[in-house]
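These notes concern the structure reproduced below.
Both ligands and their constituent atoms are indexed starting at 1 by order of listing. We count residues from 1, following the sequence as given.
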Amino acid sequence: MFTGNVQEIGTVVAVDEARIAVSAPRAAAGAPGSICLNGVGLTVLQTAYETQLLEAGLSAETRRRSTLDQIRPGTRVNVETPLALGDPLAGHLVQGNVDAVGKIVRIDDEGVARRLWIKPPERFLPLVVAKGQIAIDGVSLTVAEVSRDRFSVALIPLTLRATTLSELSVGDRVNLEPDLVVRLVRRRVPDLARSVTEAVATLPWAGRLSGGRGVEQALAQLAAGGAVMIWDPDREGEGDVVFAGARLRPEAFTFLLTQVCGHPTVPCAPEVLDRLEIGPVPGPGDRHGTRPHIPVDLASGTGTGVSAAERAATVRRLAHPDARPADFLRPGHVFPLAARPGGLAERAGHTEATVAMCVAAGLPPVGVCCEVMNPDGTMAGAADLEIAALRWGLPLLDVADLGKHL
Ligand SMILES: O=C(CO)[C@H](O)[C@H](O)COP(=O)(O)O
């Protein structure tokens with residue numbers, strides 16, 4: 001038994017069908033027993049204090065079920081010797097049995113920390129619990145977030161320094177072992193997670209939707225003046241609440257400002273902005289290629305243009321086919337964004353998703369999108385979005401699904 005507390009980083013010096021030799025001074029100073037290399041528990045055949053080498057047995061089964069199938073001399077590995085009774089459980093109970101190999105699909109630098117997004121095989125995902133434990137390449141970590149097909153873990157500087165996880169790149173494979181308790185509970189009550197998922201899926205309009213049917217439901221919601229949540233896991237890692245501009249009510253704008261809490265903007269088809277003579281904001285633009293245009297207010301308004309009623313009226317006018325350039329004051333308080341002419345096929349942004357959904361719902365190509373922000377000021381991740389979608393009664397779709405079905 002191990003605990004996912006890496007004691008040293010070893011280097012593979014030789015490997016063949018049946019054995020692996022690793023240079024690991026600390027572990028090689030001990031007696032033969034067992035060893036955990038990158039999360040794989042192996043039997044130690046011999047240790048040599050003088051050469052600082054340890055040799056462990058390797059079976060075809062182990063190689064097939066873990067990343068040890070591609071291990072080469074020179075590969076650096078996380079090394080942990082087994083726990084003895086009374087040792088501190090510095091991480092969690094790790095058996096050294098790899099359940100699945102996952103793939104790194106995204107890495108976010110978060111100041112001194114780093115977030116890894118890992119896509120495991122589908123069968124493994126029910127064993128991953130947000131705020132539960134997981135061993136990744138033998139390192140005990142807390143699961144930060146779980147979404148439909150992936151999960152994330154946050155690596156603090158100490159973990160980055162003491163393990164090989166700092167060396168991972170997008171596309172690399174990692175050994176995964178779920179928390180022992182979760183594994184046992186899920187085996188005894190196999191239908192618990194499934195029944196919750198199935199119950200949520202029976203709600204016709206709220207929570208995660210997918211496929212052509214999901215997109216249809218979202219469009220119906222939009223056409224009726226309701227909102228849809230769009231999750232963009234791969235680009236911004238943020239989710240936006242979207243309304244159709246032509247159907248926007250003042251209460252909807254109040255909801256965006258007081259509940260959704262991000263920065264409400266107004267995605268428009270480029271020809272709308274050309275027709276209304278609303279030009280781009282000068283400058284190189286933001287780091288995601290969003291195209292902000294000069295903010296506007298309704299010229300016929302009487303207030304500052306900031307109230308929810310005034311901003312909603314400005315958006316509805318932007319969406320009106322009879323609107324003219326003189327209908328708007330520049331600069332104002334409503335922020336138009338230009339969608340790419342090629343739509344989602346050209347750029348999978350919330351801007352293009354909003355415009356594409358408005359058009360598919362049979363409405364003018366102008367909408368509102370606003371990022372979902374948590375009450376503590378951080379941006380909502382996948383797990384936060386799923387909860388918010390259920391609480392607010394909104395469909396939640398991936399931008400990739402829209403790209404496929406619109
Ligand atoms: O308003 C924004 C930035 O200012 C938002 O990020 C909004 O989601 C639209 O941007 P994108 O098309 O890049 O997703």
Throw together a table of side-chain donor-acceptor distances under 3.5 angstrom for residues 252-272, partners on residues two or more places apart or in other chains.
residue, atom, partner, partner atom, Å
T254, OG1, P250, O, 3.1
T258, OG1, T254, O, 2.8
T265, OG1, C369, O, 3.4

Could you name the protein residues that come within less than 4.0 Å of ligand 1, counting only heavy atoms, and order them by chain and residue number? R235, E236, D240, T265, T290, L337, R347, G349, H350, T351, C369, E371

For L180, enumerate each residue passing the side-chain contact (heavy atoms from CB on, under 4.5 Å) test, keeping only those at least two apart in sequence or located in another chain. M1, L93, Q95, R183, L184

Exercise: do E236 and H350 side chains pair donor with acceptor under 3.5 Å: yes

Residues 295-310 vs side-chain hydrogen bond (donor to acceptor under 3.5 Å, both in side chains), sequence neighbours excluded, gives D297-H333, S307-E310

Stepwise, does the side chain to side chain contact (heavy atoms under 4.5 Å, CB included) test hold for V77 with I71? CA-CA 9 Å; V77 287; I71 209 142; 3.7 Å; yes

Residues S152 and R115: side-chain donor-acceptor under 3.5 angstrom: yes

